[in-house]
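Quick note on labels: first sequence line is chain A, next is B, and so on, each numbered from 1. On a predicted model such as this, the values are computed, not experimentally measured, just so you know.
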There are 2 protein chains.
Amino acid sequence: MSVMEDTRDRIVASASAQIQRHGHIKTTVADVAKHCRMSPANIYRFFPTKAALIEAVSEIWLALAEDNARAIARQPSCASARVREFIVGVHEFNRDRYTRNGEVHETVVAATTERWPIVARHEKVLISIFASILEDGVRKGEFEIDDIEGTAAVMIAAMVKFHNPIMVAQYHGESLIEQANALADFMLKAIKKR
Amino acid sequence: MSVMEDTRDRIVASASAQIQRHGHIKTTVADVAKHCRMSPANIYRFFPTKAALIEAVSEIWLALAEDNARAIARQPSCASARVREFIVGVHEFNRDRYTRNGEVHETVVAATTERWPIVARHEKVLISIFASILEDGVRKGEFEIDDIEGTAAVMIAAMVKFHNPIMVAQYHGESLIEQANALADFMLKAIKKR
DNA sequence: GTATTGACAAAAAACGAATATTATCAGTCA
DNA sequence: TGACTGATAATATTCGTTTTTTGTCAATAC
(Lines give C-alpha, C1' and ligand atoms only; values in the text may rest on other atoms or scores of the structure.)
Protein backbone atom coordinates (compact mmCIF):
# COMPACT_ATOMS: atom_id res chain seq x y z
CA MET A 1 0.00 0.00 0.00
CA SER A 2 2.96 2.27 0.56
CA VAL A 3 3.67 2.11 -3.15
CA MET A 4 0.21 3.40 -3.87
CA GLU A 5 0.64 6.30 -1.46
CA ASP A 6 3.95 7.02 -3.10
CA THR A 7 2.33 7.19 -6.52
CA ARG A 8 -0.41 9.41 -5.10
CA ASP A 9 2.22 11.79 -3.74
CA ARG A 10 4.03 11.86 -7.08
CA ILE A 11 0.77 12.83 -8.77
CA VAL A 12 0.11 15.60 -6.25
CA ALA A 13 3.68 16.90 -6.55
CA SER A 14 3.45 16.91 -10.33
CA ALA A 15 0.06 18.63 -10.28
CA SER A 16 1.43 21.21 -7.84
CA ALA A 17 4.35 21.97 -10.16
CA GLN A 18 2.09 22.19 -13.22
CA ILE A 19 -0.37 24.52 -11.50
CA GLN A 20 2.42 26.80 -10.33
CA ARG A 21 3.55 27.13 -13.95
CA HIS A 22 0.28 27.25 -15.83
CA GLY A 23 -2.52 27.72 -13.27
CA HIS A 24 -5.17 25.22 -12.29
CA ILE A 25 -7.40 26.01 -15.29
CA LYS A 26 -4.76 25.42 -17.97
CA THR A 27 -3.38 22.38 -16.18
CA THR A 28 -5.01 19.26 -17.63
CA VAL A 29 -5.16 15.77 -16.21
CA ALA A 30 -3.31 14.66 -19.35
CA ASP A 31 -0.46 17.09 -18.55
CA VAL A 32 -0.10 15.76 -15.03
CA ALA A 33 -0.26 12.18 -16.28
CA LYS A 34 2.43 12.81 -18.90
CA HIS A 35 4.81 14.26 -16.29
CA CYS A 36 4.21 11.18 -14.15
CA ARG A 37 4.73 8.92 -17.19
CA MET A 38 1.34 7.31 -16.83
CA SER A 39 -2.00 7.41 -18.61
CA PRO A 40 -4.69 9.96 -17.67
CA ALA A 41 -6.92 7.04 -16.72
CA ASN A 42 -4.49 6.05 -13.98
CA ILE A 43 -4.87 9.43 -12.25
CA TYR A 44 -8.51 8.50 -11.72
CA ARG A 45 -7.52 5.49 -9.63
CA PHE A 46 -6.21 7.95 -7.05
CA PHE A 47 -8.57 10.89 -7.44
CA PRO A 48 -12.28 10.66 -8.30
CA THR A 49 -12.20 13.95 -10.22
CA LYS A 50 -9.77 16.60 -11.38
CA ALA A 51 -11.29 18.87 -8.71
CA ALA A 52 -10.32 16.36 -6.01
CA LEU A 53 -6.73 16.44 -7.27
CA ILE A 54 -6.61 20.24 -7.23
CA GLU A 55 -8.11 20.14 -3.76
CA ALA A 56 -5.37 17.82 -2.54
CA VAL A 57 -2.78 20.25 -3.90
CA SER A 58 -4.53 23.26 -2.35
CA GLU A 59 -4.65 21.48 0.99
CA ILE A 60 -0.85 21.41 1.00
CA TRP A 61 -0.68 25.11 0.21
CA LEU A 62 -3.15 25.94 2.97
CA ALA A 63 -1.10 23.78 5.33
CA LEU A 64 1.90 26.05 4.62
CA ALA A 65 -0.14 29.01 5.83
CA GLU A 66 -1.09 27.05 8.93
CA ASP A 67 2.55 26.22 9.61
CA ASN A 68 3.40 29.89 9.32
CA ALA A 69 0.60 30.79 11.75
CA ARG A 70 1.69 28.08 14.20
CA ALA A 71 5.28 29.34 14.11
CA ILE A 72 4.03 32.79 15.08
CA ALA A 73 1.84 31.39 17.86
CA ARG A 74 4.80 29.50 19.34
CA GLN A 75 7.19 32.42 19.50
CA PRO A 76 8.60 33.28 22.92
CA SER A 77 7.32 36.87 22.92
CA CYS A 78 4.38 38.03 25.04
CA ALA A 79 0.86 37.17 23.92
CA SER A 80 0.09 40.75 22.82
CA ALA A 81 3.09 40.76 20.51
CA ARG A 82 2.01 37.41 19.09
CA VAL A 83 -1.54 38.65 18.49
CA ARG A 84 -0.05 41.51 16.47
CA GLU A 85 2.38 39.23 14.66
CA PHE A 86 -0.47 36.84 13.81
CA ILE A 87 -2.60 39.60 12.28
CA VAL A 88 0.26 41.17 10.34
CA GLY A 89 2.10 37.92 9.59
CA VAL A 90 -0.86 36.07 8.11
CA HIS A 91 -1.59 39.11 5.95
CA GLU A 92 1.99 39.18 4.72
CA PHE A 93 1.93 35.46 4.00
CA ASN A 94 -1.14 35.92 1.81
CA ARG A 95 0.24 38.98 0.11
CA ASP A 96 3.53 37.24 -0.67
CA ARG A 97 1.67 34.32 -2.18
CA TYR A 98 -0.30 36.76 -4.34
CA THR A 99 2.73 38.71 -5.55
CA ARG A 100 5.26 35.89 -5.79
CA ASN A 101 3.11 32.97 -6.85
CA GLY A 102 0.05 34.30 -8.61
CA GLU A 103 -1.15 30.95 -9.97
CA VAL A 104 -1.10 29.38 -6.53
CA HIS A 105 -2.96 32.32 -5.07
CA GLU A 106 -5.51 32.21 -7.87
CA THR A 107 -6.21 28.58 -7.06
CA VAL A 108 -6.67 29.42 -3.37
CA VAL A 109 -9.01 32.25 -4.40
CA ALA A 110 -11.06 29.76 -6.45
CA ALA A 111 -11.16 27.42 -3.45
CA THR A 112 -12.45 30.30 -1.30
CA THR A 113 -14.93 31.63 -3.86
CA GLU A 114 -16.36 28.19 -4.58
CA ARG A 115 -16.23 27.30 -0.90
CA TRP A 116 -14.38 24.02 -1.12
CA PRO A 117 -14.62 22.06 2.15
CA ILE A 118 -10.88 22.40 2.83
CA VAL A 119 -11.29 26.15 3.23
CA ALA A 120 -13.82 25.86 6.06
CA ARG A 121 -11.46 23.39 7.75
CA HIS A 122 -8.53 25.76 7.21
CA GLU A 123 -10.44 28.60 8.84
CA LYS A 124 -11.21 26.42 11.85
CA VAL A 125 -7.53 25.57 12.16
CA LEU A 126 -6.55 29.25 12.06
CA ILE A 127 -9.15 30.04 14.72
CA SER A 128 -7.79 27.30 16.94
CA ILE A 129 -4.18 28.44 16.46
CA PHE A 130 -5.18 32.01 17.26
CA ALA A 131 -7.16 30.77 20.28
CA SER A 132 -3.98 29.16 21.59
CA ILE A 133 -2.34 32.60 21.70
CA LEU A 134 -5.35 34.05 23.50
CA GLU A 135 -5.38 31.15 25.97
CA ASP A 136 -1.72 31.71 26.71
CA GLY A 137 -2.38 35.40 27.26
CA VAL A 138 -5.19 34.63 29.69
CA ARG A 139 -3.09 32.10 31.59
CA LYS A 140 -0.28 34.62 31.97
CA GLY A 141 -2.70 37.31 33.14
CA GLU A 142 -2.11 39.44 30.06
CA PHE A 143 -5.67 39.10 28.71
CA GLU A 144 -9.11 38.92 30.22
CA ILE A 145 -11.47 36.86 28.04
CA ASP A 146 -14.64 34.90 28.86
CA ASP A 147 -15.13 32.70 25.82
CA ILE A 148 -11.71 32.14 24.25
CA GLU A 149 -12.84 30.11 21.19
CA GLY A 150 -15.73 32.50 20.53
CA THR A 151 -13.48 35.53 20.86
CA ALA A 152 -10.90 33.95 18.55
CA ALA A 153 -13.64 33.37 15.96
CA VAL A 154 -14.84 36.98 16.19
CA MET A 155 -11.31 38.35 15.94
CA ILE A 156 -10.54 36.17 12.91
CA ALA A 157 -13.75 37.45 11.31
CA ALA A 158 -12.53 41.00 11.94
CA MET A 159 -9.29 40.16 10.10
CA VAL A 160 -11.06 39.14 6.88
CA LYS A 161 -9.83 42.22 5.01
CA PHE A 162 -6.24 41.19 5.73
CA HIS A 163 -6.42 37.39 5.63
CA ASN A 164 -9.06 36.42 3.07
CA PRO A 165 -7.37 35.50 -0.24
CA ILE A 166 -10.13 37.23 -2.23
CA MET A 167 -9.62 40.46 -0.30
CA VAL A 168 -5.82 40.28 -0.55
CA ALA A 169 -6.09 39.89 -4.33
CA GLN A 170 -8.82 42.54 -4.43
CA TYR A 171 -6.53 45.15 -2.90
CA HIS A 172 -4.24 44.44 -5.85
CA GLY A 173 -1.51 43.08 -3.66
CA GLU A 174 -0.85 46.41 -1.94
CA SER A 175 0.44 46.20 1.58
CA LEU A 176 -2.10 46.83 4.31
CA ILE A 177 0.47 46.40 7.07
CA GLU A 178 -0.17 49.80 8.65
CA GLN A 179 -3.87 49.08 8.77
CA ALA A 180 -3.28 45.58 10.11
CA ASN A 181 -1.19 47.02 12.91
CA ALA A 182 -3.90 49.56 13.69
CA LEU A 183 -6.41 46.72 13.89
CA ALA A 184 -4.08 44.89 16.27
CA ASP A 185 -3.83 47.97 18.50
CA PHE A 186 -7.60 48.31 18.52
CA MET A 187 -8.39 44.67 19.22
CA LEU A 188 -5.78 44.40 21.98
CA LYS A 189 -7.67 47.14 23.82
CA ALA A 190 -10.69 44.83 23.94
CA ILE A 191 -8.86 41.90 25.52
CA LYS A 192 -6.04 43.40 27.60
CA LYS A 193 -6.46 43.13 31.34
CA ARG A 194 -6.39 46.43 33.24
CA MET B 1 -29.26 74.50 -18.19
CA SER B 2 -31.97 73.03 -16.03
CA VAL B 3 -33.35 71.32 -19.11
CA MET B 4 -30.01 69.63 -19.63
CA GLU B 5 -29.88 68.43 -16.04
CA ASP B 6 -33.40 67.16 -16.44
CA THR B 7 -32.41 65.15 -19.50
CA ARG B 8 -29.38 63.82 -17.67
CA ASP B 9 -31.59 62.66 -14.81
CA ARG B 10 -33.98 60.98 -17.25
CA ILE B 11 -31.06 59.07 -18.75
CA VAL B 12 -29.82 57.98 -15.33
CA ALA B 13 -33.32 56.92 -14.25
CA SER B 14 -33.81 54.97 -17.45
CA ALA B 15 -30.40 53.30 -17.12
CA SER B 16 -31.19 52.45 -13.51
CA ALA B 17 -34.44 50.77 -14.53
CA GLN B 18 -32.80 48.87 -17.37
CA ILE B 19 -29.96 47.62 -15.17
CA GLN B 20 -32.39 46.44 -12.51
CA ARG B 21 -34.17 44.36 -15.16
CA HIS B 22 -31.30 43.08 -17.26
CA GLY B 23 -28.06 43.83 -15.38
CA HIS B 24 -25.36 46.32 -16.32
CA ILE B 25 -23.72 43.97 -18.83
CA LYS B 26 -26.85 43.25 -20.88
CA THR B 27 -27.99 46.87 -20.71
CA THR B 28 -26.79 48.68 -23.84
CA VAL B 29 -26.51 52.38 -24.49
CA ALA B 30 -28.96 51.85 -27.35
CA ASP B 31 -31.52 50.34 -24.92
CA VAL B 32 -31.25 53.31 -22.60
CA ALA B 33 -31.48 55.72 -25.53
CA LYS B 34 -34.59 54.02 -26.92
CA HIS B 35 -36.37 54.28 -23.56
CA CYS B 36 -35.52 57.98 -23.45
CA ARG B 37 -36.65 58.36 -27.09
CA MET B 38 -33.33 59.71 -28.23
CA SER B 39 -30.37 58.50 -30.28
CA PRO B 40 -27.47 56.62 -28.65
CA ALA B 41 -25.23 59.48 -29.76
CA ASN B 42 -27.11 61.88 -27.54
CA ILE B 43 -26.28 59.84 -24.42
CA TYR B 44 -22.66 60.68 -25.12
CA ARG B 45 -23.37 64.37 -24.77
CA PHE B 46 -24.07 63.70 -21.10
CA PHE B 47 -21.70 60.85 -20.31
CA PRO B 48 -18.25 60.37 -21.84
CA THR B 49 -18.53 56.57 -21.72
CA LYS B 50 -21.03 53.87 -20.86
CA ALA B 51 -18.96 53.21 -17.74
CA ALA B 52 -19.51 56.79 -16.60
CA LEU B 53 -23.25 56.31 -16.97
CA ILE B 54 -23.21 53.09 -14.94
CA GLU B 55 -21.10 54.89 -12.37
CA ALA B 56 -23.68 57.66 -12.07
CA VAL B 57 -26.36 55.04 -11.48
CA SER B 58 -24.23 53.18 -8.93
CA GLU B 59 -23.60 56.42 -7.09
CA ILE B 60 -27.34 56.69 -6.45
CA TRP B 61 -27.49 53.14 -5.14
CA LEU B 62 -24.52 53.74 -2.85
CA ALA B 63 -26.21 56.91 -1.64
CA LEU B 64 -29.18 54.78 -0.53
CA ALA B 65 -26.82 52.77 1.67
CA GLU B 66 -25.43 55.99 3.06
CA ASP B 67 -28.92 57.27 3.84
CA ASN B 68 -29.64 54.03 5.67
CA ALA B 69 -26.41 54.37 7.66
CA ARG B 70 -27.18 58.02 8.48
CA ALA B 71 -30.65 57.08 9.70
CA ILE B 72 -29.08 54.59 12.09
CA ALA B 73 -26.50 57.11 13.29
CA ARG B 74 -29.23 59.65 14.06
CA GLN B 75 -31.41 57.37 16.15
CA PRO B 76 -32.14 58.53 19.69
CA SER B 77 -30.72 55.40 21.34
CA CYS B 78 -27.39 55.36 23.20
CA ALA B 79 -24.17 55.31 21.17
CA SER B 80 -23.43 51.65 22.00
CA ALA B 81 -26.80 50.60 20.62
CA ARG B 82 -26.16 52.64 17.48
CA VAL B 83 -22.72 51.09 17.00
CA ARG B 84 -24.40 47.69 17.09
CA GLU B 85 -27.21 48.82 14.82
CA PHE B 86 -24.70 50.25 12.35
CA ILE B 87 -22.73 47.00 12.14
CA VAL B 88 -25.81 44.80 11.85
CA GLY B 89 -27.92 47.26 9.84
CA VAL B 90 -25.36 47.91 7.11
CA HIS B 91 -24.89 44.15 6.77
CA GLU B 92 -28.64 43.65 6.43
CA PHE B 93 -28.88 46.44 3.87
CA ASN B 94 -26.24 44.74 1.74
CA ARG B 95 -27.78 41.31 2.17
CA ASP B 96 -31.22 42.58 1.19
CA ARG B 97 -29.81 44.18 -1.95
CA TYR B 98 -28.14 40.89 -2.82
CA THR B 99 -31.26 38.77 -2.26
CA ARG B 100 -33.91 41.19 -3.48
CA ASN B 101 -32.11 42.98 -6.27
CA GLY B 102 -29.39 40.76 -7.61
CA GLU B 103 -28.61 42.85 -10.69
CA VAL B 104 -28.10 45.98 -8.63
CA HIS B 105 -25.88 44.13 -6.21
CA GLU B 106 -23.89 42.62 -9.07
CA THR B 107 -23.22 46.11 -10.40
CA VAL B 108 -22.05 47.27 -6.97
CA VAL B 109 -19.81 44.20 -6.76
CA ALA B 110 -18.28 45.15 -10.13
CA ALA B 111 -17.75 48.70 -8.86
CA THR B 112 -15.97 47.29 -5.80
CA THR B 113 -13.91 44.69 -7.68
CA GLU B 114 -12.81 47.17 -10.33
CA ARG B 115 -12.31 49.85 -7.69
CA TRP B 116 -14.32 52.63 -9.29
CA PRO B 117 -13.58 55.99 -7.61
CA ILE B 118 -17.12 56.25 -6.20
CA VAL B 119 -16.46 53.24 -3.97
CA ALA B 120 -13.49 54.83 -2.21
CA ARG B 121 -15.63 57.93 -1.67
CA HIS B 122 -18.50 55.81 -0.37
CA GLU B 123 -16.20 54.13 2.14
CA LYS B 124 -14.99 57.51 3.36
CA VAL B 125 -18.61 58.61 3.83
CA LEU B 126 -19.40 55.47 5.84
CA ILE B 127 -16.34 56.05 8.02
CA SER B 128 -17.40 59.62 8.67
CA ILE B 129 -20.98 58.57 9.51
CA PHE B 130 -19.69 55.92 11.87
CA ALA B 131 -17.27 58.44 13.38
CA SER B 132 -20.23 60.66 14.19
CA ILE B 133 -21.65 57.87 16.38
CA LEU B 134 -18.30 57.43 18.10
CA GLU B 135 -17.96 61.18 18.64
CA ASP B 136 -21.41 61.29 20.18
CA GLY B 137 -20.49 58.40 22.48
CA VAL B 138 -17.31 60.16 23.59
CA ARG B 139 -19.17 63.43 24.22
CA LYS B 140 -21.74 61.64 26.35
CA GLY B 141 -19.02 59.83 28.30
CA GLU B 142 -20.04 56.43 26.95
CA PHE B 143 -16.81 55.82 25.03
CA GLU B 144 -13.15 56.60 25.58
CA ILE B 145 -11.32 57.09 22.28
CA ASP B 146 -8.15 59.01 21.36
CA ASP B 147 -8.32 59.27 17.60
CA ILE B 148 -11.98 59.12 16.59
CA GLU B 149 -11.54 59.18 12.79
CA GLY B 150 -8.71 56.65 12.96
CA THR B 151 -10.71 54.36 15.23
CA ALA B 152 -13.73 54.64 12.94
CA ALA B 153 -11.55 53.63 9.98
CA VAL B 154 -10.15 50.62 11.84
CA MET B 155 -13.60 49.51 12.98
CA ILE B 156 -15.02 49.81 9.44
CA ALA B 157 -12.06 47.72 8.22
CA ALA B 158 -12.99 45.09 10.80
CA MET B 159 -16.54 45.01 9.41
CA VAL B 160 -15.42 44.11 5.87
CA LYS B 161 -16.82 40.58 6.16
CA PHE B 162 -20.27 42.02 6.85
CA HIS B 163 -20.29 45.21 4.75
CA ASN B 164 -18.21 44.54 1.64
CA PRO B 165 -20.49 43.70 -1.30
CA ILE B 166 -18.07 41.03 -2.55
CA MET B 167 -18.08 39.33 0.84
CA VAL B 168 -21.86 39.55 1.21
CA ALA B 169 -22.30 37.89 -2.20
CA GLN B 170 -19.51 35.43 -1.39
CA TYR B 171 -21.37 34.15 1.66
CA HIS B 172 -24.16 33.38 -0.77
CA GLY B 173 -26.51 35.85 0.85
CA GLU B 174 -26.70 33.91 4.12
CA SER B 175 -27.33 35.97 7.19
CA LEU B 176 -24.32 36.71 9.34
CA ILE B 177 -26.38 38.64 11.89
CA GLU B 178 -25.30 36.53 14.86
CA GLN B 179 -21.65 37.02 13.93
CA ALA B 180 -22.18 40.73 13.32
CA ASN B 181 -23.65 41.07 16.79
CA ALA B 182 -20.73 39.16 18.28
CA LEU B 183 -18.36 41.56 16.52
CA ALA B 184 -20.31 44.50 17.96
CA ASP B 185 -20.00 43.04 21.49
CA PHE B 186 -16.28 42.57 21.01
CA MET B 187 -15.55 45.99 19.55
CA LEU B 188 -17.63 47.80 22.15
CA LYS B 189 -15.31 46.33 24.78
CA ALA B 190 -12.44 48.20 23.15
CA ILE B 191 -14.10 51.62 23.26
CA LYS B 192 -16.43 51.58 26.29
CA LYS B 193 -15.36 53.74 29.17
CA ARG B 194 -14.91 51.93 32.47
C1' DG C 1 -5.17 -10.65 -9.25
C1' DT C 2 -3.74 -6.08 -9.03
C1' DA C 3 -1.83 -2.10 -11.59
C1' DT C 4 -2.32 0.03 -15.72
C1' DT C 5 -3.95 1.30 -20.19
C1' DG C 6 -6.44 2.28 -24.82
C1' DA C 7 -10.65 3.24 -26.64
C1' DC C 8 -14.46 5.95 -26.15
C1' DA C 9 -18.85 8.80 -24.59
C1' DA C 10 -20.15 13.10 -22.51
C1' DA C 11 -19.01 17.59 -21.26
C1' DA C 12 -16.33 21.64 -21.75
C1' DA C 13 -13.28 24.83 -24.07
C1' DA C 14 -11.24 27.11 -28.04
C1' DC C 15 -11.91 29.01 -32.35
C1' DG C 16 -13.59 32.10 -35.86
C1' DA C 17 -16.99 34.22 -38.67
C1' DA C 18 -21.16 36.82 -38.18
C1' DT C 19 -23.39 40.16 -35.38
C1' DA C 20 -23.92 43.77 -32.00
C1' DT C 21 -22.10 47.59 -29.26
C1' DT C 22 -19.40 51.48 -28.15
C1' DA C 23 -17.98 55.82 -29.35
C1' DT C 24 -17.11 59.64 -32.86
C1' DC C 25 -18.24 63.48 -35.68
C1' DA C 26 -19.78 65.93 -39.57
C1' DG C 27 -24.07 67.53 -40.43
C1' DT C 28 -29.31 68.49 -39.61
C1' DC C 29 -33.05 70.77 -37.37
C1' DA C 30 -35.56 74.05 -34.64
C1' DT D 1 -26.57 78.75 -31.68
C1' DG D 2 -27.02 74.69 -29.34
C1' DA D 3 -29.69 70.17 -28.97
C1' DC D 4 -29.69 66.31 -31.45
C1' DT D 5 -29.01 62.58 -35.19
C1' DG D 6 -27.29 59.30 -39.01
C1' DA D 7 -23.58 57.20 -40.73
C1' DT D 8 -19.67 54.76 -39.51
C1' DA D 9 -14.99 53.04 -37.61
C1' DA D 10 -13.19 50.35 -33.90
C1' DT D 11 -14.07 47.19 -30.56
C1' DA D 12 -16.49 43.56 -28.20
C1' DT D 13 -19.81 39.84 -28.06
C1' DT D 14 -22.51 36.06 -29.70
C1' DC D 15 -23.15 31.71 -31.78
C1' DG D 16 -22.36 27.62 -34.18
C1' DT D 17 -18.44 24.40 -35.17
C1' DT D 18 -14.37 21.94 -34.18
C1' DT D 19 -11.22 20.43 -30.90
C1' DT D 20 -9.86 19.31 -26.32
C1' DT D 21 -10.66 17.51 -21.87
C1' DT D 22 -12.87 14.85 -18.42
C1' DG D 23 -14.17 10.66 -16.76
C1' DT D 24 -15.49 5.41 -17.61
C1' DC D 25 -14.66 0.73 -18.40
C1' DA D 26 -13.54 -3.43 -20.61
C1' DA D 27 -9.18 -5.27 -22.03
C1' DT D 28 -4.13 -5.89 -21.21
C1' DA D 29 0.25 -6.67 -18.82
C1' DC D 30 2.96 -7.84 -15.20
Length of the line joining B:Ile43:CD1 and D:dG6:P, which is rounded to integer Å
14 Å
Taking only side-chain nitrogens and oxygens of B:Lys26, does any of them come within less than 4.0 Å of OP1 or OP2 of D:dT14?
yes
Atom pair distance, as rounded to whole Å: CD1 in B:Ile25 and C1' in D:dT14:
14 Å
Testing C:dT21, D:dT22, C:dT5 for proximity to the side chain of A:Thr28, the answer is D:dT22
Do A:Arg121 and A:Glu59 sit within salt-bridge range, that is, some charged N less than 4.0 Å from a carboxylate O?
yes
Let me know the distance between NZ of A:Lys34 and P of D:dT22, rounded to the nearest Å.
13 Å
Only residue of A:Phe93, A:Trp61, A:Tyr98 satisfying ring-ring contact (aromatic ring centres under 6.0 Å, His included) with A:His105 is A:Tyr98
When rounded to the nearest 0.5 angstrom, what is the spacing between CZ in A:Phe143 and CD1 in A:Ile148?
10.0 Å
Is the shortest distance from a Lys or Arg side-chain nitrogen in B:Arg70 or B:Asp67 to a carboxylate oxygen in the other one below 4.0 Å?
yes
When you get a sec, tell me which of D:dG23, D:dT22, C:dT22 is the closest nucleotide to the side chain of B:Tyr44?
C:dT22
Please report the distance, rounded to the nearest Å, between CG in A:Asn42 and P in D:dC25.
16 Å
Rounded interatomic separation in angstrom, taking CZ from A:Phe46 and C1' from D:dG23
16 Å
Could you tell me the separation between the CG atom of B:Asp6 and the P atom of D:dA3, rounded to a whole number of Å?
14 Å
Just compare D:dC25, C:dC25, C:dT4 and give me whichever is closest to any side-chain atom of B:Ala41.
C:dC25
Between A:Arg45 and B:Lys50, whichever has its closest DNA chain C nucleotide further toward 5' is A:Arg45
Return the value, rounded to whole Å, for the distance between atom CG of B:Leu53 and atom P of C:dT21.
15 Å
Expressed in angstrom and rounded to an integer, what is the separation of B:His24 atom NE2 from C:dT22 atom P?
12 Å
